Amino acid sequence: MNRNILNLYFIMGSQNCGNADPLHVLESALKGGISCFQFREKGEGARQGEDYIKYARSCQNLCKKYGVPFIVNDDVRLAEELQADGVHVGQDDELAQHVRVRMPGKILGVSVHTSEEVVSAIQAGADYIGVGPIYETKSKADAKPAAGLSFLTKIVTEYPELPIVGIGGITIENAKRVIEAGADGVSIISAISQAEDVQGTVKQLLNIVK
Ligand SMILES: Cc1ncsc1CCOP(=O)(O)O
Ligand SMILES: C=C1C=NC(C)=NC1=N
Ligand SMILES: [Mg+2]
């Protein structure tokens, strides 16, 4: 996997956009130059059934139009059905080594919070790991407490070859620090999905992380 796809990794669900049209938000972010998109449709107000699939396909088609990888969060079945570019799983989702087998040659991302979880992600064949929450976040109901940059710095030092993306409360103000700590990129939900000017915010963030 080309580590650069992690540079500015936008994650969004329809419920992260207030009353804006999520497809319009996604297209603005793509126009701004995000390097990767994760479809994360879960929790309160998430789309269901046929509407969920249709919405996922629309997001995937937009990513194809802009040549940006389309990653599915949690839902391995959907990722297989859509032939997504990859999938991202946490510790409470399907086991990474099973997902690896189910989706050979696709991007596999794993969320980690401890060194042991990093080791098992590497053994499972993960292409990148997600580390966070770095800062306080309002976008994940069951997020662990903000860990700051210490764990990320530790992992970067121990596994310099492992692609790593930071996540959690990342904004224009603090994104630089996450890159300086050694992350290959930043994963963001609300600082982009709830921005007044989505495209402009993405462009500002790109200047910071590139
Ligand atoms: C999915 C996820 N995992 C750890 S924090 C988080 C949410 C990040 O959202 P935001 O960028 O709005 O803080
Ligand atoms: C929890 C997560 C951690 N990291 C990434 C990249 N995506 C997620 N959904
Ligand atoms: Mg998950």
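Predicted model, so just to flag it, every value in this text is computed and none were measured.
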Within-4.5 Å side-chain heavy-atom neighbours: Val87 and Ile107: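 SC-SC contact between Val87 and Ile107 ruled out.
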
More than 12 heavy atoms from other groups under 6.0 Å of CD on Glu44: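 Open: at most 12 neighbouring heavy atoms sit under 6.0 Å from CD of Glu44.
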
For Val99, does its backbone N or O pair with a side-chain atom of Glu94 as donor and acceptor, under 3.5 Å?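 No: the side chain of Glu94 does not pair with the backbone of Val99.
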
With a 3.5 Å distance limit and no angle check, can you tell me whether Lys106 reaches the backbone of Ala84 through a side-chain donor-acceptor pair?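 Here the side-chain-to-backbone pair exists.
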
Co-membership, hydrophobic cluster, residues [X] and [Y], 4.5 Å side-chain:
| X | Y | result |
| --- | --- | --- |
| Ile189 | Ile208 | no |
| Val110 | Phe37 | yes |
| Val202 | Tyr66 | yes |
| Ile5 | Leu30 | no |
| Ile188 | Phe70 | yes |

Would you call the rings of Tyr9 and Tyr128 parallel, tilted or perpendicular, where under 30° means parallel and over 60° means perpendicular?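 Tyr9 vs Tyr128 ring planes: perpendicular.
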
With salt bridge (charged side-chain N to carboxylate O under 4.0 Å, His left out) as the test, would you mind laying out the steps for Arg100 and Asp127 before giving the verdict? CA-CA 10 Å; Arg100 181 72 288 169; Asp127 294 294; 3.0 Å; yes

Do the charged groups of Glu50 and Lys54 touch, with an N to O distance under 4.0 Å?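 Looking at Glu50 and Lys54, the cut-off is not met.
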
